[in-house]
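Structure first, commentary second.
The structure presented is a predicted model; accordingly, all values stated were derived computationally and were not measured. Order of the sequence lines sets the chain letters (A, B, ...), proteins ahead of strands, with each chain counted from 1.
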There are 2 protein chains.
Amino acid sequence: MTQFGAFVQTARRSLQEGDRRYSLRQVAKRIGVEPGYLSKIERGQVAPPSEAATLRLAKELDEDPDVLLALGGKVSSDLQEVIRKRPRLFAQLIRELRDAPDHAVLRLVREVRDGDW
Amino acid sequence: MTQFGAFVQTARRSLQEGDRRYSLRQVAKRIGVEPGYLSKIERGQVAPPSEAATLRLAKELDEDPDVLLALGGKVSSDLQEVIRKRPRLFAQLIRELRDAPDHAVLRLVREVRDGDW
DNA sequence: GCGAGTGTGTAGTGTTTAGGAAACATGACG
DNA sequence: CGTCATGTTTCCTAAACACTACACACTCGC
């Protein structure tokens, strides 16, 4: 159930192959947690870390923050804020898109980016 | 800072005018919390309740669940799940829409509902 | 005047979150 | 051999979350 740990461990080890600065201990130090804690995270012995720690980890491992947060069972707080400001609107849109195929959602993204409003 | 309590209190009192079954005590009983707790919630003496309790309260007071959750600083967990399943896609879309006017978002909703994908 | 119902104040409880500290075991190197 | 550096294990905890329990004070309707 803890996709998160395995994903992080794989990503880190892959970086570690070419660069010994990506040992568990050094990564832990750079993102500001204890080595023991990161070890437990990687092996799913504890729940995924806080949003803040997850973001530091994503940056360190050069992974997509939203993906890593998702693996940790979280949604970025800035996205939540957007939704909370117009709850009815966004709730409706997101539920509407729950079963839409990727390409349909992507089309909307492009549509909005080409901002014709 | 606690919009939530005031909103709930106003809604409940408004219902109470025409129907004495909407006393704080009776509402508390129906949604399954202690009266003292609901009292503190209404006056913002404690943080807004859990998602589950908020949803029962919304139903009881016939208010929009997403709005009430938003006032409580939360986002419905089913919306979060939708986002977590395709984080990159939805993160992009939502950030893109952060500053879009309501009518633009609404147009998307309609577009999707008329499901042309 | 008293019982039923109302809202409130104080205190305390169990659980979850998000880690830290320190010791331990292993292996590589010089 | 000694000493790094690596990953791991055990134990502990401070703070936040989500409430409950219960006594108190007030106000009606009869």
Side-chain angles (χ1 to χ4, degrees), chain A residues 1-2 4-58 60-61 65 68-69 71-77 80, chain B residues 1-2 4-58 60-61 65 68-69 71-77 80:
Chain A
M1 196 54 187
T2 173
F4 188 89
F7 183 90
V8 167
Q9 189 169 69
T10 301
R12 185 184 58 77
R13 282 186 174 158
S14 153
L15 287 170
Q16 194 180 16
E17 307 236 320
D19 188 341
R20 68 188 184 297
R21 280 167 34 254
Y22 286 91
S23 74
L24 185 149
R25 268 171 189 274
Q26 294 193 37
V27 168
K29 176 147 208 179
R30 283 197 296 277
I31 68 170
V33 303
E34 293 296 310
Y37 184 44
L38 181 54
S39 171
K40 283 177 282 185
I41 287 171
E42 284 196 354
R43 288 166 305 117
Q45 251 191 45
V46 299
S50 67
E51 175 170 354
T54 301
L55 293 179
R56 295 197 301 275
L57 192 49
E60 172 69 22
L61 302 180
L68 208 57
L69 283 172
L71 286 172
K74 302 188 199 304
V75 170
S76 175
S77 59
Q80 298 203 33
Chain B
M1 195 56 185
T2 175
F4 187 88
F7 184 90
V8 166
Q9 188 169 70
T10 302
R12 184 185 59 75
R13 283 186 173 159
S14 152
L15 287 170
Q16 192 179 18
E17 307 235 319
D19 187 341
R20 71 189 182 293
R21 282 169 32 255
Y22 286 91
S23 75
L24 184 149
R25 271 173 187 270
Q26 294 194 35
V27 168
K29 177 147 211 183
R30 283 197 296 275
I31 68 169
V33 303
E34 293 297 309
Y37 184 43
L38 181 54
S39 170
K40 280 177 281 187
I41 288 171
E42 284 195 353
R43 288 166 305 118
Q45 251 191 45
V46 298
S50 67
E51 174 170 355
T54 302
L55 293 179
R56 296 197 301 274
L57 193 49
E60 172 69 22
L61 301 181
L68 208 56
L69 284 172
L71 286 172
K74 301 188 200 303
V75 169
S76 175
S77 57
Q80 298 204 32

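Contact between the side-chain N/O atoms of Q45(B) and the OP1/OP2 oxygens of dG7(C) is not found at any separation under 4.0 Å. Phosphate proximity of dG7(D) to S23(A): present, with a side-chain N or O under 4.0 Å from OP1 or OP2. Side-chain N/O atoms of R43(B) include one lying less than 4.0 angstrom from OP1 or OP2 on dG9(C). Applying the 4.0 Å criterion to OP1 and OP2 of dA5(D), one finds that R21(A) has every side-chain N and O outside that range.
Between the side chain of K29(A) and the base of dG7(D), no donor-acceptor pair under 3.5 Å is found. On a pure distance criterion of 3.5 Å, a polar donor-acceptor pair joins the side chain of R25(A) and the base of dG7(D).
Nucleotide dT6(D) holds its P atom 10 Å from the CZ atom of R12(A), rounded to whole Å. To the nearest angstrom, C1' of dC17(D) lies 12 Å from CD1 of I41(B). L57(B) places its CG atom 15 Å from the P atom of dA18(D), with the value rounded to the nearest Å. Put simply, CD on E34(A) is 15 Å from P on dT6(D), counting in whole angstrom units. The nearest whole Å value for the distance from the CD atom in Q26(B) to the C1' atom in dG7(C) is 13 Å. Summarising the geometry, the separation between CD on E42(A) and C1' on dT6(D) is reported as 12 Å, rounded to the nearest angstrom. Between the P atom of dT10(C) and the NZ atom of K40(B) lies a distance of 10 Å, rounded to the nearest Å. For the pair R20(A) CZ and dT6(D) C1', the computed distance is 13 Å after rounding to whole Å.
At least one side-chain heavy atom of L61(B) sits less than 4.5 Å from a side-chain heavy atom of L57(B). Within the 4.5 Å cutoff, no side-chain heavy atoms of Y22(A) are placed close to those of E17(A).
Between R13(A) and P49(B), the residue whose closest nucleotide on DNA chain D is further toward the 5' end is R13(A). Summary of the strand contacts: G36(B) and S50(B) both lie near DNA chain D, and taking for each the nucleotide with the nearest heavy atom, the more 5' one is attributed to S50(B).
Closest non-hydrogen pair, E51(B) versus K74(B), comes out as N-CE, 3.9 Å. Residues V33(A) and R56(A) share a closest heavy-atom pair of CG1-NH2, 4.3 Å.
Heavy atoms of V46(A) sit nowhere under 4.0 angstrom from any nucleic acid atom. Looking at heavy-atom distances under 4.0 Å, Q16(B) makes contact with sugar-phosphate atoms alone, never a base.
Comparing atom distances between the P35(B) side chain and each of dT8(D), dT8(C), dT20(D) picks out dT8(C) as nearest.
Put simply, the residue from Q16(B), R43(B), E42(B) that forms a side-chain hydrogen bond (donor to acceptor under 3.5 Å, both in side chains) with Q9(B) is E42(B).
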